[in-house]
Protein chains: 2
Amino acid sequence: MARALFQNIYRDIQSGIERGLYSYQSMLLSESELCARYGCSRSTVRRALSELALNGYVQPIQGKGVRIIWRPQTDDRGAPDNLESFAERARHQGFESTVYVRSFERITVDERLSQATGFSPGTPIFVINRVKSADGIPVSIETSHLLATEAPALTPRDVEGSLYAYLESQGVAITTGKRTITIEAPNDDDQMIFGIDGPQAVGVIRGHFFDSQGIMFEYSEIRQKPDFFTIHETCTRTMMPHGTAPVSSRH
Amino acid sequence: MARALFQNIYRDIQSGIERGLYSYQSMLLSESELCARYGCSRSTVRRALSELALNGYVQPIQGKGVRIIWRPQTDDRGAPDNLESFAERARHQGFESTVYVRSFERITVDERLSQATGFSPGTPIFVINRVKSADGIPVSIETSHLLATEAPALTPRDVEGSLYAYLESQGVAITTGKRTITIEAPNDDDQMIFGIDGPQAVGVIRGHFFDSQGIMFEYSEIRQKPDFFTIHETCTRTMMPHGTAPVSSRH
DNA sequence: GAGTGGTCTAGACCACATG
DNA sequence: ATGTGGTCTAGACCACTCC
């Protein structure tokens, strides 16, 4: 089992919901009942509940109780793990995924690349271009810019599987990611790989990823075939208002 | 000021980061220092910090401290409020937004619509179709299915502005949203409104929204012109392992 | 009034990082 | 050894809902 107590409680309630033990729109046990059930303090129960709320499983209502807002039809496979890798995602959807490494080089960030990636000029990085296929059909083209110091011994062979799996095996834990999703016209690469009769647009996900030390170790650009482009999101309105702060934007 | 103490602390630290008082990659004051500074207990400070981490401002590192991972260039307008409306979003980006109501009707959910929307058959709903423009250019077509009991007196005029603003004025608070984002071929409506020479694909966001009572009150489908389709996401790997099941984000 | 969730406190012990 | 964040407790008070 997971180490922390609140994690066990989370898992227990989560599986209860997904298994239909608690049904959509019904009320969960109250916090005090859960305390009794798990033999722990209220804070611990609340910690579990707040994560469940964050992931769209439940919604607490003051003075009333905690309502289940998850249902199997709509939320099929539960809350998405926002940072799951391509391989994980493909596996979840029942596809056989393969990876082809198109290029693999080690370079130093120059001024121009610095702008695009967010790495400081002079930083040594790996630039890796890969095509990922599901059941033999190319579905995404991924260019990763990877901090060289994070995986000094990286070889092309290492990235034939899951890059993240390799990194985690090296003790690198991906902790935070910031992504931007857009729709763009296909470029030459896209047309060549996805096919000329293929899509008239591609989904592009650009992301900055941080490790457990708060160091940005990857900038990646994923160009994805539309039919295989799906993103699930759960959002909660937090208690943080944001109207007052002045806003700047570039778009 | 906001009511809760942790909110004030959040805002204070947030603005400190956005104002450059704390710089990218530097360490924040330690939790105990923050306790002293704000004259409160550690839990309260931690509550604020955990929300900051969730929104990609900060990353705590055990045994070391809390590192700032936000920078103005990349994260321009701060953490997205994940549930902000079109009007808010457009305003944030400096566009003049307008809304044109194409159709407005009140119907009862049938079996087929129930599948698509998630409302139970027999439920009375409003179906509202609107085109939203930024600086006069149509950028999105939005079809909302709205629980009639949630806003019994709704008129076409009410939805000429922000639907959410109206709902909030009626005491309805949008609390949780579950969205799916895909890229699809334009349909006839899209081609007519966005123009034939326009995009070869549109971004589609389908969402289920819940109010503060945990009642699903809206199903919406937003079809968006690619050039105006941008989504920002911040994800954090929570402590919830997911061998069997998944985990969180948030924004 | 009784029960619910929302906020907060003061203190404890642990795991981890750094000297 | 000291300081840091991670987890947890026991208890308090508040705001809200429902009877």
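No hydrogens, no waters, no symmetry mates; every other heavy atom, side chains included, goes into these values. Chain A is the first sequence line, chain B the second, and so forth, proteins listed ahead of strands; every chain is numbered from 1. Here the structure is a predicted model, which means the values were calculated and not measured.
- With hydrogens and angles left out, the side-chain atoms of Tyr38(A) and Asp12(A) include a donor and acceptor closer than 3.5 Å.
- Inspection of the Thr143(B) and Glu221(B) side chains reveals no N or O donor paired with an N or O acceptor under 3.5 Å.
- Comparing Val66(A) and Gly39(B) by the nucleotide of DNA chain C that holds the closest heavy atom to each, the one mapping nearer the 5' end is Val66(A).
- Using a cutoff of 4.0 Å between basic side-chain nitrogens and carboxylate oxygens, Glu31(B) and Arg46(B) are scored as salt-bridged.
- Residue contacts for Leu49(A): at a heavy-atom cut-off of 4.0 Å it reaches no nucleic acid atom on any strand shown.
- Minimum atom distance to the side chain of Pro60(B) is reached by dG5(D), of the listed dT7(D), dT18(C), dG5(D).
- Closest-nucleotide positions on DNA chain D for Glu33(B) and Gly63(A) were compared, and the one nearer the 5' end corresponds to Glu33(B).
- A donor atom on one side chain and an acceptor atom on the other are found under 3.5 Å apart for Ser30(A) and Glu33(A).
- Atom CD of Gln213(A) and atom C1' of dG5(D) are 12 Å apart (whole Å).
- Side-chain atoms of Gln62(A) lie closest to dC16(D) of the nucleotides dA10(D), dC16(D), dC8(D).
- The CG-P distance, from Leu34(B) to dT4(D), rounds to 11 Å in whole Å.
- Comparing dT9(C), dT17(D), dT9(D) by their closest approach to the side chain of Lys64(A) singles out dT17(D).
- In this structure, Thr44(B) does not reach the dT7(C) phosphate: none of its side-chain N or O atoms is under 4.0 Å from OP1 or OP2.
- Phe6(B) has its CZ atom 11 Å from the C1' atom of dC8(C), to the nearest Å.
- Looking at Ser114(B), its side chain does come within 3.5 Å of a backbone N or O of Phe119(B) through a donor-acceptor pair.
- Checked by distance alone, Arg42(A) brings a side-chain donor or acceptor within 3.5 Å of a matching partner on the base of dG6(C).
- Considering only side-chain atoms of Ser32(B), the nucleotide from dC8(C), dG5(C), dT4(D) that sits closest is dT4(D).
- In this structure, Tyr10(B) places its OH atom 15 Å from P of dT7(C), rounding to the nearest Å.
- For Ser41(A), whose side chain is taken as the heavy atoms from C-beta onward, the closest listed nucleotide among dG5(C), dC8(D), dG6(D) is dC8(D).
- Distance Glu31(A) CD to dC16(D) C1': 13 Å, rounded to the nearest Å.
- dG6(C) atom C1' lies 8 Å from atom CZ of Arg47(B), rounded to whole Å.
- In this model, the phosphate group of dT4(C) is approached by a side-chain N or O of Ser30(A) to a distance below 4.0 Å at OP1 or OP2.
- Distance CG (Leu29(A)) to C1' (dG3(C)): 14 Å, rounded to an integer number of Å.
- In this structure, the CZ atom of Arg46(A) is 6 Å from the C1' atom of dG5(C), given to the nearest Å.
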